[in-house]
Undergrad: 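Please find one structure pasted underneath; my questions will follow.
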Amino acid sequence: MKIKKTFQHFRHNRKLKQKLYTIIFDTDTPAGKIFDITLIWCILLSVLLVIVESLQGLPAYLNTPFIILEYLFTLFFTFEYLTRIYCSPKPHAYIFSFFGIVDLLATLPLYIGIIFPGARYLIIIRAFRLIRIFRIFKLFNFLSEGERLLNAVKESSKKILVFFLFVVILVTSIGTLMYMIEGTHPNSQFTNIPNSIYWAIVTMTTVGYGDITPVTGIGRFLSAFVMLMGYTIIAVPTGIVSASIIKTSDNNRGKRCPGCHRTGHEKETKFCKYCGHKLSSSHKTKKKIIADTED
């Protein structure tokens, strides 16, 4: 009965929850910064531990310390994850958030590794937790730039898909053509069309493994042509995305503040980031820009 009462008191202890929340979630306090920096070091060391442990020929006496450190790091991350759930005002929102899912995945590999030994190397997922460094060091401007890039990729996804299908058709055709040229040669490695298509992909992307090479003069001429064409093709997706980014930047540049008349606001922005004045709608803004130009 006493244990149940103590548990209920711990479960509803608002003062403790607020204190833990300030340390774990708030990076503006000294305690919060110390905790987050300690967490980052633990993440880095645990990831480095997994990488070093995978090396062949390590001394046998290192096995036990490595295992102990692995369990210590996992216990720390498990305790931290449960504490985040405990002190979060909305536990369900945290659990199903991006950071919540990443935090959970960072704790599971070692436990799963007890049943499936190979799964323990999934501890490398903890590297994703380093994204918190943006929150700790106030680098969210970099995240907004990354979001702008992702939006540009989304906007140009249909064009990229069409281009990708064109490339698939092209490498299939070139691979088949190379099989027709090289397939009948006794020393040829182009023994079937799938191998030839694989060669076409490797050559066109300018990777050039060299595991399959043509032996005839015509085959080598075709290889040279495909290599040169590959340089041109690789630049196309970059141009598509770049054009989308420039288009987005131009749209953002057209949104002008009626108070200070400065531009450079995001599309969804409602207030000026320079003077705080309320921004007008895009239609009104365009009219204002035209009127200013005519004047």
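All values derive from a computational prediction rather than experimental measurement. All heavy atoms count here, side chains included; hydrogens, waters and symmetry mates do not.
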Undergrad: With rounding to the nearest 0.5 angstrom, report the CZ to NZ distance, R14 to K17.
TA: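 R14 CZ to K17 NZ: 8.5 Å, rounded to 0.5 Å.
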
Undergrad: Are any of the side-chain heavy atoms of M227 and T206 separated by less than 4.5 Å?
TA: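 Not in contact.
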
Undergrad: Identify the two heavy atoms, one from I174 and one from M229, that lie closest to each other, and give their separation to 0.1 Å.
TA: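 Heavy-atom minimum between the residues: CD1-CE, 3.6 Å.
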
Undergrad: Nearest 0.5 Å, please: how far is CD1 in I101 from CZ in F96?
TA: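 Answer rounded to 0.5 Å: 8.0 Å.
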
Undergrad: Given side chains that start at C-beta, do those of Q189 and D211 come closer than 4.5 Å, heavy atoms only?
TA: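 No, too far: nothing below the 4.5 Å cut-off.
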
Undergrad: Sub-3.5 Å donor-acceptor pair from the side chain of T203 to the main-chain atoms of A200, do we have one?
TA: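 Not at all, since once roles are kept as given, no pair shorter than 3.5 Å links the two residues.
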
Undergrad: Quick one about E182 and T216 (side-chain donor to acceptor, distance below 3.5 Å, no hydrogens or angles considered), yes or no?
TA: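 Note: T216 and E182 side chains meet the donor-acceptor criterion.
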
Undergrad: Are more than 12 heavy atoms from other residues, nucleotides or ligands located less than 6.0 Å from atom CG of L45?
TA: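 Correct, the count exceeds 12.
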
Undergrad: Nearest 0.5 Å, please: how far is CG in L177 from CD1 in I193?
TA: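 Going from the CD1 atom of I193 to the CG atom of L177 covers 11.0 Å.
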
Undergrad: Is any side-chain heavy atom of I95 closer than 4.5 Å to a side-chain heavy atom of Y81?
TA: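 Yes; the side chains approach each other to less than 4.5 Å.
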
Undergrad: Would you say the side chain of T74 lies within less than 4.5 Å of the side chain of F76, judging by non-hydrogen atoms?
TA: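 SC-SC contact between F76 and T74 ruled out.
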
Undergrad: Could you tell me which non-hydrogen atom of E53 sits nearest to which non-hydrogen atom of L58, and how far apart they are?
TA: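 Minimum heavy-atom separation between E53 and L58: CA-CD1, 3.9 Å.
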
Undergrad: For the residue pair I201 and T205, what are the closest heavy atoms and their distance?
TA: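 In this case the closest contact between I201 and T205 is O-OG1, 2.7 Å.
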
Undergrad: Side chains of F221 and P214: does their closest heavy-atom pair fall under 4.5 Å?
TA: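 Heavy-atom side-chain distance check fails, nothing below 4.5 Å.
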
Undergrad: Taking the inter-plane angle between the rings of Y94 and F25 on a 0 to 90° scale, is it parallel (under 30°), tilted (30 to 60°) or perpendicular (over 60°)?
TA: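 Answer is perpendicular, since the angle exceeds 60°.
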
Undergrad: Atom OG1 of T107 and atom CZ of F77: how far apart are they, to the nearest 0.5 Å?
TA: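 Spacing of OG1 (T107) from CZ (F77) equals 10.0 Å.
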
Undergrad: Is the shortest heavy-atom distance from the side chain of I23 to the side chain of T29 under 4.5 Å?
TA: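 Side chain of I23 against side chain of T29, heavy atoms only: no contact under 4.5 Å found.
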
Undergrad: Between Y179 and T191, does any side-chain donor sit less than 3.5 Å from a side-chain acceptor?
TA: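 Short answer, no.
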
Undergrad: Write down the atom of W199, the atom of I212, and the distance for their closest heavy-atom approach.
TA: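 In this case the closest contact between W199 and I212 is CD1-O, 3.3 Å.
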
Undergrad: Is there a side-chain contact between F73 and I68 in this structure, where contact means two heavy atoms from C-beta onward sitting under 4.5 Å apart?
TA: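 Answer no - side chains too far apart.
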
Undergrad: Would you say I112 and L72 are hydrophobically clustered, going by side-chain heavy atoms of ILVMFWY under 4.5 Å?
TA: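 As far as the 4.5 Å side-chain criterion goes, L72 and I112 are not connected within one cluster.
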
Undergrad: Consider only side-chain heavy atoms of I, L, V, M, F, W and Y, link residues closer than 4.5 Å, and tell whether L75 and L44 are in one cluster.
TA: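 No, L75 and L44 fall in different hydrophobic clusters.
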
Undergrad: Would you say that more than 12 heavy atoms from the other residues, nucleotides or ligands in this model lie under 6.0 Å from the CZ of F66, or not?
TA: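 Atom CZ in F66 is crowded, with more than 12 foreign heavy atoms closer than 6.0 Å.
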
Undergrad: If every non-hydrogen atom of I181 is compared with every non-hydrogen atom of G219, which pair is closest and at what distance?
TA: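 Smallest heavy-atom distance, with atoms named: CG2-N, 3.9 Å.
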
Undergrad: If we count only N and O atoms by modelled type, under 3.5 Å, do the side chains of N192 and Y198 hold a donor and an acceptor together?
TA: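 There is no such pair (donor and acceptor under 3.5 Å, judged by atom type) between the side chains of N192 and Y198.
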
Undergrad: Taking CE in M180 as the centre, count heavy atoms belonging to other residues, nucleotides or ligands within less than 6.0 Å. Is the count above 12?
TA: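 Open: at most 12 neighbouring heavy atoms sit under 6.0 Å from CE of M180.
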
Undergrad: So, using side chain to side chain donor-acceptor pair (under 3.5 Å) as the criterion, who are the partners of S196 when residues are at least two apart?
TA: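 Testing S196 for side chain to side chain donor-acceptor pair (under 3.5 Å), a comparison that skips the adjacent residues, returns none.
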
Undergrad: Do T83 and F79 have side chains that get closer than 4.5 Å, going by heavy atoms?
TA: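 T83 reaches F79 side chain to side chain.
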
